[in-house]
Amino acid sequence: MSDRVPQPVDRQLPTEEARDLIALVRDIARREIAPRAAEEEEAGHFPRELFTLLSGSGLLGLPYDSAHGGGDQPYEVYLQVLEELAAARLTVGLGVSVHTLACHALAGYGTKEQQTEHLPAMLGGGLLGAYCLSEPSSGSDAASLRTKAVRDGDDWVITGTKSWITHGGIADFCTVLARTGEDGPRGITAFLVPGDAPGLTAAAPEKKMGMKGSPTAQLHFDGVRVPDGRRLGEEGQGFAIALSALDSGRLGIAACAIGVAQAALDEALAYATGRRQFGRPIVDFQGLRFMLADMATRIEAGRALYLAAARARDAGAPFSRQAAMAKLFCTDAAMSVTVDAVQVLGGYGYTADFPAERYMREAKALQIVEGTNQIQRMVIARHLAGPESR
């Protein structure tokens, strides 16, 4: 095998502070995350202690206001942090993305009193969040969700089941979308629910193809009572809040996908420079060199696409279409690159002795989460041609 050490990505960062931040993330990834990734993923171990470390290092609230414990970082920088974390271990990168998504409703739509009370602990106090939108019968069609929240005096009583919840069963808080009114998107409201609320239980984690270290589980709400002070935004505003969160969350998934793809390319390149056949390194063969070139090009194109969308978001410009494009392209690129990485390693790529097969299994999930890539194509087409005829 090769002793070749992957070169860090040459990033275009806006400030010296951002460069120092990336250096910190790379150090944590090198020392604390990557060395344990393969063993802990195989064992299905969730590294809660790493998230405590990331919280203490200020990495769980990067795009939010420093007045509430955030990092005041633009999305352009935050997403590149996610990419670095996902390259070391997707369970960690995706976990940070989901936690950030779970904070979005409170940070963007909560009252000043709610933000002052809850955000500091959520952003820098060691807590971990979950985002509860999908249900067994409403995944892509989220507007048809059935979980209900019924007003009872100064409280709301939530009943129903949420599915495919990252950090299900271990989260300290959940942002929950529930039906408080009429059918359809206008009858949905957002709530901030403590993870240990009475009546909230988790099913056994799903047995997944990849990302075994990241727990994904159904959450059951059996008369969970929350005060009206934990309602986020206005009644009936929940679906708009959810869509706003997903636009930003899709950029997080895009960045994670490029991180996985970059790790796969680095592994393939290291193997190809060290493996010899017919008296020379296999990287000398044109067919393989072209494959590596295509892999690198897909990664660079995906990185440019998600950063362009992030810069639009940071400038306050519309970015929903660009977010859908970034999620679509970057996750498809990650799937293609990881499949090619397995091919470069040949038989070794199909074994668990090398991480290429793990990257391939993980990349598949990213084409599904936070809106399947078929949904992304629908979103893009609607921006181009308007809604479908009924």
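On a predicted model such as this, the values are computed, not experimentally measured, just so you know.
Under 4.0 Å is where a charged nitrogen must lie from a carboxylate oxygen, and between Arg89 and Glu40 at least one such pair does. Ion pairing between a basic and an acidic side chain is recognised when a charged N comes within 4.0 Å of a carboxylate O; Glu83 and Arg11 show such pairing. Salt bridge status for Arg230 with Glu117: absent, with no side-chain N to carboxylate O gap under 4.0 Å. The pair Arg358-Glu362 meets the salt-bridge criterion, with a side-chain N (NZ, NE, NH1 or NH2) lying under 4.0 Å from an Asp/Glu carboxylate O. For Asp340 and Arg298, the salt-bridge test passes: some basic side-chain N is under 4.0 Å from an acidic carboxylate O. A salt bridge does not link Arg146 to Asp183: none of the charged side-chain nitrogens sits closer than 4.0 Å to a carboxylate oxygen. Classification of Asp228 and Arg231 as a salt-bridged pair holds, one side-chain N sitting under 4.0 Å from a carboxylate O.
Residues Ser144 and Asp141 have side chains that bring a donor and an acceptor to within less than 3.5 angstrom of each other. Counted by atom type alone, Glu135 and Thr147 present one or more donor-acceptor pairs between their side chains at under 3.5 Å. A donor and an acceptor atom, one from each side chain of His220 and Thr161, are located under 3.5 Å apart. Counting only N and O atoms by type, the side chains of Glu41 and Thr91 include a donor and acceptor under 3.5 Å apart. Defined by atom type and a distance below 3.5 Å, a donor-acceptor pair is missing between the side-chain atoms of Tyr64 and Thr100.
For the pair Leu192 and His118, the minimum side-chain heavy-atom distance is below 4.5 Å. Side-chain contact between Leu90 and Tyr359 is absent, with no heavy atoms from C-beta onward closer than 4.5 Å. With a 4.5 Å cut-off on side-chain heavy atoms, His45 and Glu39 do not count as touching. The side-chain heavy atoms of Glu267 and Val344, taken from C-beta on, include no pair separated by under 4.5 Å. For the pair Gln114 and Leu232, the minimum side-chain heavy-atom distance is below 4.5 Å.
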- Step-by-step side-chain contact (heavy atoms from CB on, under 4.5 Å) determination, Ile253 to Leu94: CA-CA 7 Å; Ile253 299 302; Leu94 185 72; 3.2 Å; yes
- Task: Report the C-alpha separation of Gln262 and Arg303 in whole Å, then their side-chain angles, then the decisive distance to 0.1 Å, and conclude whether the side chain to side chain donor-acceptor pair (under 3.5 Å) test is met.
- Result: CA-CA 10 Å; Gln262 184 67 58; Arg303 184 176 291 125; 3.0 Å; yes
- Step-by-step side-chain contact (heavy atoms from CB on, under 4.5 Å) determination, Leu177 to Tyr131: CA-CA 9 Å; Leu177 284 303; Tyr131 184 75; 4.1 Å; yes
- Glu388 and Arg382: CA distance, side-chain angles, deciding distance, salt bridge (Lys or Arg N to Asp or Glu O under 4.0 Å) verdict: CA-CA 7 Å; Glu388 301 90 335; Arg382 286 172 185 164; 3.1 Å; yes
- Could you go step by step and tell me if Cys174 and Leu219 meet the side-chain contact (heavy atoms from CB on, under 4.5 Å) rule? CA-CA 10 Å; Cys174 305; Leu219 291 183; 4.0 Å; yes
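Across Ile165 and Ala130, no two heavy atoms sit closer than the pair CG2-CB, 3.8 Å. The two atoms that bring Ala171 and Gly129 nearest to each other are CB-C, 3.9 Å, heavy atoms only. Nearest heavy atom pair, residue Gly302 against residue Cys330, reads O-SG, 3.2 Å. Here the shortest heavy-atom pairing between Ala202 and Gly168 reads CB-C, 4.4 Å. Residue Pro215 comes nearest to Ile170 through the heavy atom pair CG-CD1, 3.5 Å, listed as atom of the first residue, atom of the second, then distance. Contact between Val96 and Tyr78 at its shortest, heavy atoms only, is O-OH, 4.1 Å.
With sequence neighbours excluded, the residues forming a salt bridge (charged side-chain N to carboxylate O under 4.0 Å, His left out) with Arg26 are Glu84, listed by chain and number.
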I'd like a table of donor-acceptor pairs (distance under 3.5 Å, sequence neighbours excluded) in which one partner is a side-chain atom from residues 365-375, with atom names and distances.
| residue | atom | partner | partner atom | Å |
| --- | --- | --- | --- | --- |
| Gln367 | OE1 | Lys364 | NZ | 2.8 |
| Gln367 | NE2 | Asp332 | OD1 | 2.7 |
| Thr372 | OG1 | Ile375 | N | 3.3 |
| Asn373 | OD1 | Lys327 | NZ | 3.0 |
| Asn373 | OD1 | Thr331 | OG1 | 3.3 |
| Asn373 | ND2 | Thr331 | OG1 | 2.8 |
| Asn373 | ND2 | Asp332 | OD1 | 2.8 |

For residues 238-247, which side-chain donor-acceptor pairs fall under 3.5 Å, sequence neighbours excluded?
| residue | atom | partner | partner atom | Å |
| --- | --- | --- | --- | --- |
| Ser244 | OG | His104 | NE2 | 3.1 |
| Ser244 | OG | Tyr109 | OH | 3.4 |
| Asp247 | OD1 | Ser320 | OG | 3.2 |
| Asp247 | OD2 | Ser320 | OG | 3.4 |

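Aromatic ring centroids of Phe173 and His167 lie 6.0 Å or more apart. For Phe329 and Tyr306, the ring centers sit 6.0 Å or farther from each other.
Here CG of Asp222 is found 10.0 Å from CG of Leu200. Values are rounded to the nearest 0.5 Å. The distance from atom CG of Asp65 to atom CG of Leu119, rounded to the nearest 0.5 Å, is 9.0 Å. Distance check: Leu79 CG to Arg311 CZ gives 10.5 Å after rounding to the nearest 0.5 Å.
In this structure, Leu24 is a member of the same hydrophobic cluster as Val77, with clusters built from ILVMFWY side-chain heavy atoms closer than 4.5 Å. By the criterion of side-chain heavy atoms lying less than 4.5 angstrom apart, applied directly or through intervening Ile, Leu, Val, Met, Phe, Trp or Tyr residues, Leu128 is grouped together with Leu53 in one hydrophobic cluster. Taken together through direct or relayed side-chain contacts under 4.5 Å among Ile, Leu, Val, Met, Phe, Trp and Tyr, Leu269 and Phe290 form parts of separate hydrophobic clusters. Cluster annotation: Leu82 and Val92 are assigned to the same hydrophobic cluster (Ile/Leu/Val/Met/Phe/Trp/Tyr, side-chain heavy-atom contacts under 4.5 Å, transitive). Taking hydrophobic clusters as Ile, Leu, Val, Met, Phe, Trp and Tyr residues chained together by side-chain heavy-atom distances below 4.5 Å, Leu345 shares a cluster with Met295.
Within 6.0 Å of CZ in Phe285 there are more than 12 heavy atoms belonging to other residues, nucleotides or ligands. The neighbour count for Arg186 CZ, taken as heavy atoms of other residues, nucleotides or ligands under 6.0 Å away, does not exceed 12. Residue Gln343 qualifies as open at atom CD: its count of foreign heavy atoms under 6.0 Å is 12 or below.
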